[in-house]
J.: 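Handing you this structure, nothing more for now.
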There are 2 protein chains.
Amino acid sequence: MSVRERAVTGGLQTVAAALDLLDCFAEDEELGVTEVSRRLNVAKSTAHRLLVTLTSRNICEQNPRTGKYRLGLHLYELGQLAVTRTELRRCARSLLEELREVTGWAVQLSVTSGVDTLVLERLMTTRSVKALPDFNRRLPGNVTAHGKALCAFDPDFARRRIEAGLPGPTEFSITDPKLFRAELEVIRRRGYATATGEAMPGVSSVAAPVLDSRGIAIAALAINGPPSEIVPMTARLGRLLQAAGRRLAKDMRADILR
Amino acid sequence: MSVRERAVTGGLQTVAAALDLLDCFAEDEELGVTEVSRRLNVAKSTAHRLLVTLTSRNICEQNPRTGKYRLGLHLYELGQLAVTRTELRRCARSLLEELREVTGWAVQLSVTSGVDTLVLERLMTTRSVKALPDFNRRLPGNVTAHGKALCAFDPDFARRRIEAGLPGPTEFSITDPKLFRAELEVIRRRGYATATGEAMPGVSSVAAPVLDSRGIAIAALAINGPPSEIVPMTARLGRLLQAAGRRLAKDMRADILR
DNA sequence: CCGCGCGTTCCAGTGAGCGGAACCACGCCA
DNA sequence: TGGCGTGGTTCCGCTCACTGGAACGCGCGG
């Protein structure tokens with residue numbers, strides 16, 4: 001799809017192409033002009049012009065050694081503005097720190113985004129940095145505890161995920177819709193979700209939803225760590241996270257009324 | 001400056017306008033079409049088209065209640081990709097967690113960006129969340145300990161800051177170039193920087209630089225907390241941060257050789 | 001009901017943006 | 001050493017995407 005074909009009703013095709021270019025960097029840290037032109041299906045000169053403009057505002061940077069381009073730090077600044085202004089993040093700030101200190105493991109706050117989950121905040125500890133690999137902020141909703149908690153308590157999200165297919169990054173991932181629905185039923189009865197090795201080997205997590213006044217999940221709180229540490233205290237973590245989820249939901253309702 | 005006047009040598013004016021529009025949200029959380037059109041000096045219909053396109057990719061979002069626009073969470077995703085791929089952030093990951101646990105206060109990692117400092121990572125604790133207000137990731141280089149450490153050990157940055165003027169957000173900020181230079185001399189001799197109430201009232205910090213092989217600062221590590229807690233242990237924190245800075249610099253040099 | 005403010009849509013004119021081609025720099029291999 | 005391939009950068013003629021002005025639709029307040 002070249003620039004001319006990026007229909008945006010009432011919008012600008014050139015800007016759409018520039019924004020789509022940014023998404024090319026999700027898979028690859030650095031890209032050359034030629035590869036960008038191939039992926040966007042535009043001429044090399046067009047790709048170059050897009051990159052030059054993005055680079056002029058530090059949305060992209062060029063590696064002087066290789067001549068290749070990567071995402072720039074101005075995105076980081078803008079992104080921090082976006083996320084720290086969300087109500088959810090504001091209300092969760094203190095709670096997340098407490099969870100981190102009480103449990104001693106990595107905590108995170110997630111929301112749905114399309115058919116995936118998006119981690120809005122992830123706080124680590126010394127031992128979690130050592131024990132856990134870095135992982136993605138965006139993941140399919142069926143392979144993590146927080147994703148499953150969100151699916152269990154947000155029927156729209158679950159439906160979207162199932163319709164889009166259930167990816168299976170590891171051998172433990174649930175990819176069968178029937179099994180997935182059964183798992184969601186278990187989670188709804190229990191009130192929290194668990195996952196081990198389903199997004200990536202050697203990571204266990206427990207998650208509970210943050211529910212709105214209709215009982216629909218608006219976010220999920222999770223604790224991550226190695227299976228040997230997390231699995232023995234699953235029930236305890238589940239209760240802790242449920243209580244935290246209720247507190248956060250209450251804080252958000254209070255915030256709206258303020 | 002309208003769209004037609006946004007010259008980008010070899011670039012695209014329309015894309016430049018879209019990116020400049022994003023910067024309008026630095027000051028204000030939400031903006032209407034009319035205000036955006038005023039700030040960019042473009043027609044309302046042009047502003048609207050830019051916003052519609054940015055919204056189509058979730059770079060902006062529209063508040064359905066007010067009709068106003070704000071930054072969208074896709075920026076957050078892209079920004080996280082940008083920052084987590086920096087060498088510095090990768091090397092500092094574990095070290096920052098240790099510093100936080102050893103000191104019990106908020107730690108941060110900063111770099112220079114134009115005439116300001118940019119906080120790449122800030123780790124909080126429960127008590128720091130309670131004791132410290134939220135503050136900006138971008139600040140002038142003369143009003144924070146990390147900014148002063150970067151100025152003391154990066155002469156170019158210091159020159160740029162002084163030439164651009166020394167802002168004084170509080171009554172304690174150093175705004176006189178002569179006094180500022182004297183302060184930098186003290187920091188260079190001592191090896192670490194301190195600040196109290198200079199960026200915002202009621203916050204103290206200690207910072208030390210991360211130096212490259214020529215002795216030029218490439219980053220700064222800082223600890224922040226309330227004056228009553230930080231000031232009595234300034235010397236101890238200074239030494240701790242200097243050691244951490246040396247270790248980080250060494251890790252980065254090792255990383256490059258890998 | 002009318003006026004005002006603001007987000008949204010429409011349309012004619014034109015200049016910004018497109019792609020193809022050439023240029024330049026670098027590394028590699030016979 | 002020279003030729004080739006790769007990939008970033010620059011140039012140019014053509015055309016259509018983008019611009020601004022104007023109109024529209026909606027909500028609110030007097």
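Letters go in sequence order (proteins before strands), and every chain restarts at 1.
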J.: Counting just side-chain N and O atoms, does A:Tyr69 come under 4.0 Å of either OP1 or OP2 of D:dT9?
T.: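 Yes.
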J.: How many whole angstroms separate atom CG of B:Leu12 from atom P of D:dT9?
T.: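 Rounded to whole Å, this separation is 14 Å.
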J.: Of all the choices, D:dG8, C:dG7, C:dA16, which nucleotide is nearest to the side chain of B:Thr34 once you look at every atom?
T.: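 It is C:dG7.
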J.: Check whether any side-chain nitrogen or oxygen of A:Gln62 sits under 4.0 Å from OP1 or OP2 of D:dT9, and answer yes or no.
T.: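 For D:dT9, OP1/OP2 do have a side-chain N/O of A:Gln62 under 4.0 Å.
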J.: OP1 or OP2 of C:dG17 versus the side-chain N and O atoms of A:Arg49: is any pair under 4.0 Å?
T.: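 Result: no.
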J.: Among the candidates D:dT10, C:dC18, D:dT19, find the nucleotide nearest to the side-chain atoms of A:His48.
T.: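 From the listed options, D:dT10 comes nearest.
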J.: For a quick check, tell me whether the side chain of A:Lys44 and the base of C:dG19 share a donor-acceptor pair closer than 3.5 Å.
T.: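 No, no donor-acceptor pair under 3.5 Å.
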J.: Would you say the base of D:dG21 and the side-chain of B:Ser45 have a donor-acceptor pair closer than 3.5 Å?
T.: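 Looking at the base of D:dG21, it does pair with a donor or acceptor on the side chain of B:Ser45 (distance under 3.5 Å).
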J.: Should the side chain of A:Lys68 and the base of D:dG7 be counted as holding a donor-acceptor pair, with the cut-off at 3.5 Å?
T.: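 No pair found.
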J.: Round to a whole Å and report the spacing from CZ of B:Arg6 to P of D:dG20.
T.: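 It is 10 Å, rounded to the nearest whole Å.
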J.: Within this structure, what is the CG-to-P distance between B:Leu40 and D:dT19, rounded to whole angstrom?
T.: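 In whole Å, D:dT19 P lies 11 Å from B:Leu40 CG.
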J.: Does A:Thr14 place a side-chain N or O at less than 4.0 Å from the phosphate oxygens OP1/OP2 of D:dA17?
T.: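 Checking A:Thr14 against D:dA17: no side-chain N or O falls below 4.0 Å of OP1 or OP2.
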J.: Should A:Leu96 and A:Leu221 be marked as a side chain to side chain contact (heavy atoms under 4.5 Å, CB included) after you check the CA-CA gap, both sets of side-chain angles, and the distance that decides it?
T.: CA-CA 9 Å; A:Leu96 289 170; A:Leu221 293 164; 3.7 Å; yes
J.: For B:Arg122 and B:Arg137, what are the C-alpha separation, side-chain angles and deciding distance, and is it a side chain to side chain contact (heavy atoms under 4.5 Å, CB included)?
T.: CA-CA 9 Å; B:Arg122 178 173 48 188; B:Arg137 299 238 163 190; 3.6 Å; yes
J.: Of all the heavy-atom pairs spanning B:Phe25 and B:Tyr69, show the shortest one and how long it is.
T.: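 What the structure gives for the nearest pair is CE2-O, 3.0 Å.
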J.: Which sits closer to the 5' end of DNA chain D, A:Gly32 or B:Ala47, going by the nucleotide each is nearest to?
T.: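 Checking each residue's closest nucleotide, the 5'-ward one belongs to A:Gly32.
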J.: Would you name the heavy atoms of A:Val42 and A:Ala47 that are closest together and state the gap between them?
T.: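 Closest approach of A:Val42 to A:Ala47, heavy atoms only: CG2-N, 3.9 Å.
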